[in-house]
Structure formats: structure tokens, C-alpha cells
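Reminder, nothing fancy here: chain letters follow the sequence lines and each chain counts from 1. Any value given below was found using the heavy atoms of this structure, including those in side chains, with hydrogens, waters and symmetry copies removed. No experiment lies behind these values; they were computed from the predicted model shown.
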Amino acid sequence: MSSFKSISGTFDILPEGHTTGGDSIAPSRVWQYVEATIRKVMEAYGAEEIRTPILEPTELIARGIGQLTDIVSKEMFAFERGDTNYVLRPEVTAPVMRAYQQHHLDQKGGVQRLYYIGPCFRAERPQKGRYRQFHQFGLEIIGATDARADADTIACAVDVYRALGLTDFTIRLNSLGDSESRPRYKDALIAYITPFADQLSEISRNRLQTNPMRILDTKIEKERELLKNAPLLSDFIDEESRQHHEEVKGYLTSIGLKYVDDPFLVRGLDYYSRTAFEIESDSLGAQGSLAGGGRYDLLSLELGAKQVIPAVGFAAGMERLIMALDAANLADIPAPRLDAFIVALGDAALTWTFPVAQSLRAKGFKVGYDLKGRSLKAQMREASRQNSRYVIIVGDDELASGVAEVKDMDQSSQTSVPFAQLASHLTK
RNA sequence: GUGGUCGUAGCUCAGUUGGUUAGAGCGCCAGGUUGUGGCCCUGGAGGUCGGGGGUUCAAGACCCCUCGAUCACCCCA
């Protein structure tokens, strides 16, 4: 046993899949399958992949996500080197927006649809479905204020889940209003809550000062009770935002997408305005948030743009998606099978194996052979384990005659095949 | 960051109130089959009982610390 272990909250993805003591990590082929499906759906939405660095300037994340958010204030892997401050990206919307501005993608005219899949890092206490290195995928539609962009974003996320066979989730939707209606609502909320302040938890009391809207997100039953009659954001948002929200809902309805209008839905990142949504698994428990997103028209300004660059997007967690697939038994991807496994007996045959395997591989066959010089029986067992379609058996006799024994492992039948006809025999 | 639970072979786990050389199933390896996988039979390898310290004549079992996992809080994807 090695004395080194992967860092807490991180995990290896292996060909066979394994458990971390409780949580199970899917085989790499399941991840590949999920990624391939995501790419396919993204392409259906006209999106192309963007890959940004894992390392970003700390300031970008702090400004983008918000200094007072939990992510920035206590969950970043950040370090200093020379006179630069680095972070391991905790999310990728801010980096995508940074890249958009850095490369002047607005100058290409039109709307950019960018998707990503990759690792993110947050220094949270690990638990099921929550890791310190985790993987997000998401879509950002940049350059459009049209409500169809918002609806498109939500539909895209939903399509990813549907394409994988998941149906067990709920969409929650809200509008956060614009930069003027939010402060007004904030004031009203503070005015409403302040009289009860001493009945709140310490966390909520702190939020009253720093980020009062996050209090709406509380899971404490008593606090929810106190919030029953709290002013609603929907009563404060500006007319344009309200109309925008109605349009978004209209588009969702037009494609038969069901959602729950949730006036208490607030996202934990500061950059959202107007549309905010979350997709929650109905069966995953505490870490059931599959995807979240919304409109973030003001992020561009926060990152130094001279004018508003309207944008919407969603981000989703790969771990939770795969957890949900597992729970629904939708993650059984069969291991690939070999076309042929070459069993060699004797030194001459061992030597013969190598170029033959190469020439078959060059013709597109998946070919394996034993590398441990084991017995015929052991080699056969290995072929069986690797689920090879055929086994090619060659010993001194076959080398002399130029004719191999080829066994069909499914039929358990065996025929003699001249070396020159091996490839054509495998095609059958 | 806070609280609860757990940590024995590669995996899943058993291990009586502390008491000799720590077990099972699966997996792995070998043999039964002088050149044929899966099923069956036989045998074998594999464990500093997460790590460190302590109590005791004696600790896998008890105590403390630590690390890890896990569930919840929190957070969010």
C-alpha cells in the first residue's frame, strides 16, 4: 500500500470505478459517455467549447463572484507567487467573461454561445456529492438580452439531463430584478427582518449586514416561518425585468417545460440579475442541486467593460449528475471489448505476436495479448476477462504451418485460419 | 468551519464481557486438464486491524490525539 493518498476531497477516476469509502466514483468510460452527451447537446444549441485556465487572478474571481460571497470569503484555494495572486478557479462564468472581453469576442458581431467542461476547486468540507476538486459543465450565451436566450439556457440544461435519461428533477425559477430594484427590495427586506433580528441564527444575522437576500435561502424552519410575510422580490422588480420574466416563463411554457416560480430563490453569486434558476434532483438529498444559473448582465461592468455585455448561463455539477444517473441505474456503460486477444506459446510465438498485433491494430482492430509469459490457461482467462471476441492461438506448430487456431469466444467454436487471412476472419 | 457516525485483506464485511499463530465471501495466483476462458473442486499469496500515544500481565476491541471517509449543518454545482 502506498503511503501517499489523494488529497482530501479529491478522487481518482479509474477504468473500473471504485468507492471512496462510501461514495462511488464511476468508471472513466461513464465520465466519457456523459461528456460526449453534453458536447452533443451543446452542439445542438450552436455552442462551441471554450477552455480557460485553471489558474486565474484572484481579483477576477473576487470581483466577479463578489467579495462577500462564501465562495470568495472562505472557500478559495488561493496563493501568492511573486507579486501575483492566483486562485484555482471556483467556477467558470467569470473566467469565460474575462476571456470574452480579453479577446474582444463582441467584435465578431452576433451572439457567442460558449460551453465548457472542466475541474473547479472550492475548499469546502467534503461530503457526498461535494468535493474540493469537482467538475462543472455549463453554457454561457453572451451578447443577448432576448428572453429566448434565458429560456434557451434553461432548455439546454434540461436537454442534457433528458439526453442521459434523467427526468427526476424540478426547475425553480425567479427574477432578481435589475440593479435598481434590488437595492430597493434589499432595504424593504432589512426593514422587515430587523425587528426579528434577535430571533435569527448568527449566520442570518451576519447576512442582514452583508447580504440580506441570502437570508431568503435559509433552511431553518423557524426562520422560514418568520419570512412567511416578508416582502416579495416580485413586488419590487422594475417593469422591464418583470416583463422579461414573463417572457421567459412564456417561452418555457411554449415548449411544455414545467417550472416552479420561487420568489425566495436567490443565488449565492453576486453577479446575477433578472433571471435566476436552479435545477434540483428530486431524489439526491442534501447535495441535490444539479445545476444553477441565470442572467448576469452586470458582470461585464464588474470586470471593467465600458458598457453592459448582456449574458445568461448555467453551470452544472458532473459529480451530482453522475450520482443521479447512478441512482436511476442509467450509468451502466459496458466496457469496450477487444476484437482479438493473441495467445502465444513458446518464445518464437511470443516474438511473432508483436508485429502481428501491430498490423491488426493498424487495420482498426482492438488487439491485446499477454505480457507476463503465462500459461495457455492463464492467457485464455485473461482473454475472457478482457471480453475478447476472438482468441488467436499460436504455438510452434502454427508457426511452422502458417495457420493459426482462432477461437470464437462467444460461440466457443474454433477454426484454423492462415496468417494472411486473420484480418478478414476478424471482420466476420 | 461546526456536530454525529464509521475506519479489520484488492472489494464487501464478521471478529462474543480485552485472552494464544486475526477470519469469511468475492477477486487474484496456481493445480486438477502434457496446448484452450466461463462452471466445479483443491491449494496458495495477500493484513504494520487508518496512523501515533496511553491503560493493562495481555488491545483489532478501552482512553486520548491525529488523519481519512461518511451523514447533517453550512455552502453550492
Please evaluate the base of B:G37 for a donor-acceptor partner in the side chain of A:Lys407 within a cut-off of under 3.5 Å? yes

Does A:Glu124 get its side chain close enough to the base of B:A77, under 3.5 Å, for a donor-acceptor pair? yes

Watson-Crick or G-U wobble mate for B:G35, both contacts under 3.5 Å: none

Tell me whether the side-chain N or O atoms of A:Gln414 pair up with the base of B:U36 as donor and acceptor below 3.5 Å, since no angle test is needed here. yes

May I ask you to say what A:Gly129 touches in the nucleic acid, namely base, sugar-phosphate or nothing, with a heavy-atom cut-off under 4.0 Å? base

Does A:Gln386 get its side chain close enough to the base of B:G37, under 3.5 Å, for a donor-acceptor pair? no

Taking the side chain of A:Arg381 as heavy atoms from C-beta outward, which of B:C29, B:G68, B:G35 is closest to it? B:C29

Please give the nucleotide sitting opposite B:A72 as a Watson-Crick or G-U wobble pair, both distances under 3.5 Å, or none. B:U2

Nucleotide nearest A:Leu376 (side chain, heavy atoms from C-beta), chosen from B:A72, B:G35, B:A77: B:G35

Pair assignment for B:A24, Watson-Crick or G-U wobble, requiring both distances under 3.5 Å: B:U12

Report yes or no: is there a donor-acceptor pair, N or O only, under 3.5 Å between the side chain of A:Arg385 and the base of B:C28? no

Is A:Arg125 touching bases, backbone alone, or none of the nucleic acid, heavy atoms closer than 4.0 Å? base

Which nucleotide in the set B:A69, B:A77, B:A30 lies at the smallest distance from any side-chain heavy atom of A:Arg374? B:A30

Touch check for A:Glu16, heavy atoms < 4.0 angstrom, all strands: base, sugar-phosphate only, or nothing? nothing

What does A:Gly9 touch in the nucleic acid at a heavy-atom separation under 4.0 angstrom: a base, only the sugar-phosphate, or nothing? sugar-phosphate

Heavy atoms under 4.0 Å, any strand shown: does A:Ile393 hit a base, just sugar-phosphate, or nothing? base

Taking only the P atom of each, what is the distance from B:C49 to B:U5 in whole angstrom? 24 Å

A:Glu75 near the nucleic acid: base, sugar-phosphate alone, or nothing, with a heavy-atom cut-off under 4.0 Å? sugar-phosphate

Side-chain N,O (A:Thr19) to OP1/OP2 (B:C11) below 4.0 Å: no

Is any NZ, NE, NH1 or NH2 atom of the basic residue among A:Asp408 and A:Arg389 found under 4.0 Å from an Asp or Glu carboxylate oxygen of the other? yes

State the pairing partner of B:G7; accept Watson-Crick or G-U wobble contacts with both distances under 3.5 Å, and report none otherwise. B:C67

Length of the line joining A:His18:NE2 and B:C11:C1', which is rounded to integer Å: 12 Å

Using atom P of each nucleotide, how far apart are B:C39 and B:G25 to the nearest Å? 16 Å

Geometric class of the A:Phe11/A:Tyr131 ring pair [parallel <30°, tilted 30-60°, perpendicular >60°]: perpendicular

Give a yes or no on whether a salt bridge exists between A:Asp150 and A:Arg295, defined as a side-chain N under 4.0 angstrom from a carboxylate O. yes

Distance criterion of 3.5 Å, no angle test: do you see the side chain of A:Ser412 paired donor-to-acceptor with the base of B:G37? yes

Taking A:Lys372 first and then A:Asp370, would you say they form a salt bridge - that is, a charged N and a carboxylate O separated by under 4.0 Å? no

Residues A:Arg51, A:Glu49: salt bridge by 4.0 Å N-O rule: yes

Note: A:Glu124-A:Arg132 ion pair, threshold 4.0 Å (strictly below): no

With sugar-phosphate meaning primed atoms plus P, OP1 and OP2, does A:Ala383 contact a base, only sugar-phosphate, or nothing at under 4.0 Å between heavy atoms? nothing

